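What follows is a set of notes on a single structure, which appears directly below.
Predicted, not measured: the structure shown is a model, and the values here were computed from it. Heads up: numbering here begins at 1 and tracks the sequence.
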Amino acid sequence: LAVEDPDEIEKQILALKEENDRLQARLSVVKSKASEEPVPAAAPEGTKKIKDLNHPKIHDQGQEGTSTPAATAATSASGPDKATDLSRADILFRKWQHKEPPKVSSDPLAVVFVTSEVAPWSKTGGLGDVAGALPQALAQRGHRTMVIAPRYQTGKNDELYDAATATGHRIEVWLFGETVSVELYSLYQDGVDYVFVDHPAYRRPGNPYGDENGAYGDNLFRFVLLSLVACEIPLQMELGGYTYGDKCVFVANDWHASLVCVYVAAKYRPHGVYNNARTILAIHNLAHHGTAESSEFPDLGLPNEWYGALEWVFPEHMRQHELDKGEAINPLKGAIVSCDRLLTVSQGYAYEITTPEGGFLLEGLLGSRAHVLNGITNGVDLDEWNPATDKHIPAHYWPGHMDGKAECKKALQKELGLREDPNVPLIGFIGRLDYQKGPDLIQESLDGIMYNDVQLIMLGSGDPAIEEWMGWAEATYSDKFRGWRGFSVPVAHRITAGCDILLMPSRFEPCGLNQLYAM
């Protein structure tokens, strides 16, 4: 303490405090293990007492014959210093793995999620992840939870739906001038009732919204059908022996399910049904409204007086020709007008959509409903996105034991045929190939990026032109670039775990799930 510099003295004090904390933690572990250790028989006189570093108590086996990852990481350790590292790794692993048990609600609700995609059955982005994880989290808190989504049959991953059984229950609704009948499939899993709506409109190659030729021309029909059927399911379909009934909370996700809010307000409540229900419009991406020709309004089966709720007029610069009046219907606008609550996937986005920059011409309407608008940041499924236990990555790591990340990088380079070099920065991009996510910005700057000694991996699907460009880039920079066209959950996990840098050139991010996964 003879050093005169106050900053240096403060650094020494902090160092001493850290050393004290480390020793206290080690002492507590040693004491707890000593209390569990049986008293050994007295050794013969003159025998040296040697600490057995291979003793299961030292390695803290979780189950008989099975070590915890922390213990496995240090199994090869020897000597007093290594034993200290083992204790520290074990403490850090337990701290990383610790999760508070969910609080069970004293007033459980019946919650019905209506969504165009739900992981793992269907997924193009964050919506599928949220629809797959959030209902399970609510079920753990005691709420009765249902998810309603289309039963897509695209020729890819169709087997994922095999666990859902046909209920034999059919629902008929009047839409587009005819009676439309759908069959329902159900599955009870992780405390959640999953109901899949089956109709020929959901059986075609491509993704949930389109194929290589662009968006499907009948998307309005496909998702209006989903919305109206979703309103009937809680009333008609018994799950677990009884229906959800009309006292429930609908969570309608994006424009595809937005007409749930309109139907509840316009078709059911005037007849005394769903008076005790509430509707929430969850906006994951305001850029997509689901607009259609105004002449299609009668096909929706809504009362004529509700046309004004969906009425939409495009500004002149967005019209196709001089005689185009810009008249259309906008399902998302109708939901904003009629829902009981508005939610976005982050508080920042809740503000952003009320501005001209982020409102996509709806900022004025959203501002007028600011009293029911809020943002809740999307959560992360810590069982799926945990580098200490992730089943998709070749090596595990956690704070305090990061060696596994280098192994993940090496394995990823090997898997994709890139040069295995730990010193080369490995850059990754995961996302939809559309304007919002900014892959065109990578396209414009690729030559400059490849000029440096780096490697770049892109994973995604979407714009056919960008997908084709990814193939060209891989052929041109075969030693530095890899483009995975399509989407693969295991590969997304391995890219997140193995890359040094994650590139996210998005023009706007309502929440940023990949950013949360990375953290």
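- Inspection of the E117 and Y209 side chains reveals an N or O donor paired with an N or O acceptor under 3.5 Å.
- With a 6.0 Å cutoff to the six-membered ring centre and a 45° limit on the axis angle, R144 counts as a cation-pi contact of Y242.
- A 6.0 Å sphere centred on CD of Q347 holds no more than 12 heavy atoms belonging to other residues, nucleotides or ligands.
- Counting non-hydrogen atoms of other residues, nucleotides and ligands closer than 6.0 Å to CD of E415 gives a total above 12.
- Between D299 and V224, every side-chain heavy-atom pair lies at or beyond the 4.5 Å cut-off.
- Taking the six-membered ring where tryptophan is involved, the planes of F223 and H256 are perpendicular, since the angle between them exceeds 60° and thus also 30°.
- Remark: side-chain polar atoms of R369 are paired, donor with acceptor, to backbone N or O of I336 under 3.5 angstrom.
- Residue-environment remark: CD (E159) exceeds the threshold of 12 foreign heavy atoms within 6.0 Å.
- A distance-only check finds no donor-acceptor pair linking the side chain of S346 to the backbone of C511 [under 3.5 Å].
- Judged by distance alone, the side chain of S181 and the main-chain N or O of E172 form no donor-acceptor pair under 3.5 Å.
- Of the N and O atoms on the side chains of D193 and Y244, at least one donor lies less than 3.5 Å from an acceptor on the other residue.
- No side-chain heavy atom of F429 sits less than 4.5 Å from a side-chain heavy atom of C499.
- For the pair P315 and L361, the tightest heavy-atom approach, listed with the atom from each and the gap, is CD-CD1, 3.8 Å.
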Practice item. Would you check, one step at a time, whether the test side-chain contact (heavy atoms from CB on, under 4.5 Å) holds for Y477 with D447? Key: CA-CA 9 Å; Y477 299 101; D447 291 339; 2.5 Å; yes

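- The closest donor-acceptor contact from the side chain of S478 to the backbone of E474 lies at 3.5 Å or more, if one exists at all.
- Q436 pairs by the side chain to side chain contact (heavy atoms under 4.5 Å, CB included) definition with N285, R432, D434, F508, E509, P510, not counting sequence neighbours.
- Contact between Q443 and I466 at its shortest, heavy atoms only, is OE1-CD1, 3.3 Å.
- Within the structure, ring-ring contact (aromatic ring centres under 6.0 Å, His included) pairs that include any residue of residues 164-190 comprise F176-F221 (at least two apart or interchain).
- A cation-pi arrangement is not found for R222 relative to Y216, the charged atom failing to lie both closer than 6.0 Å to the ring centre and inside a 45° cone about the ring normal.
- When side chains are defined from C-beta on, F481 does not count as touching T476, because their heavy atoms never get closer than 4.5 Å.
- Taking the side chain as every heavy atom from C-beta outward, W255 and T291 never approach each other to under 4.5 Å.
- In this structure a side-chain-to-backbone donor-acceptor pair under 3.5 Å is present from K267 to G301.
- Comment: D440 engages R507 in a salt bridge, judged by a side-chain N to carboxylate O separation of less than 4.0 angstrom.
- The aromatic rings of Y194 and F196 lie parallel to each other, their planes meeting at an angle below 30°, with 60° marking the opposite boundary.
- Side-chain atoms of D129 and Y517 form a donor-acceptor pair, as typed in the model, at a separation below 3.5 Å.
- By the 6.0 Å contact criterion, CD1 on I376 is open, its count of non-hydrogen atoms from other residues, nucleotides or ligands being 12 or less.
- Residues A335 and V262 come closest through the heavy atom pair N-CG2, 3.8 Å.
- Between Y274 and F250, the gap from one ring centroid to the other is short of 6.0 Å.
- Salt bridge R319/D324: absent, no basic N to carboxylate O contact under 4.0 Å.
- No donor-acceptor distance shorter than 3.5 angstrom exists from the side chain of D390 to the backbone of W385, with no hydrogens or angles considered.
- Contact between S227 and V260 at its shortest, heavy atoms only, is O-CG2, 3.6 Å.
- Using modelled atom types, no side-chain atom of H199 and backbone atom of Y202 make a donor-acceptor pair closer than 3.5 Å.
- When atom types are taken as modelled, the side chain of R494 and the backbone of L412 share no donor-acceptor pair closer than 3.5 angstrom.
- Atom CD of Q236 has more than 12 heavy atoms from other residues, nucleotides or ligands within 6.0 Å.
- Contact record, D246 with G272: OD2-O, 4.3 Å, taken as the closest heavy-atom pair.
- Annotation: side chain of D453 is in contact with side chain of V424 (closest heavy-atom distance under 4.5 Å).
- For E305, the CD atom sits in a packed shell: over 12 heavy atoms of surrounding residues, nucleotides or ligands are nearer than 6.0 Å.
- Between D479 and L418 the shortest heavy-atom distance is O-CD2, 3.8 Å.
- Contact of the W469 side chain with the P439 side chain is not registered, since no non-hydrogen atoms from C-beta on lie closer than 4.5 Å.
- Of the possible donor and acceptor atoms, one in the side chain of R482 sits under 3.5 Å from a partner among the backbone N and O of G417.
- A donor-acceptor pair shorter than 3.5 Å can be found between the side chains of H289 and N330.
- Donor-acceptor pairing under 3.5 Å is lacking for the side chains of H288 and D254.
- For K480 (side chain) and N452 (main-chain N/O), a donor-acceptor pair under 3.5 Å exists by modelled atom type.
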Could you walk me through whether R203 and D158 pass salt bridge (Lys or Arg N to Asp or Glu O under 4.0 Å), step by step? CA-CA 10 Å; R203 303 183 212 136; D158 292 352; over 6 Å; no

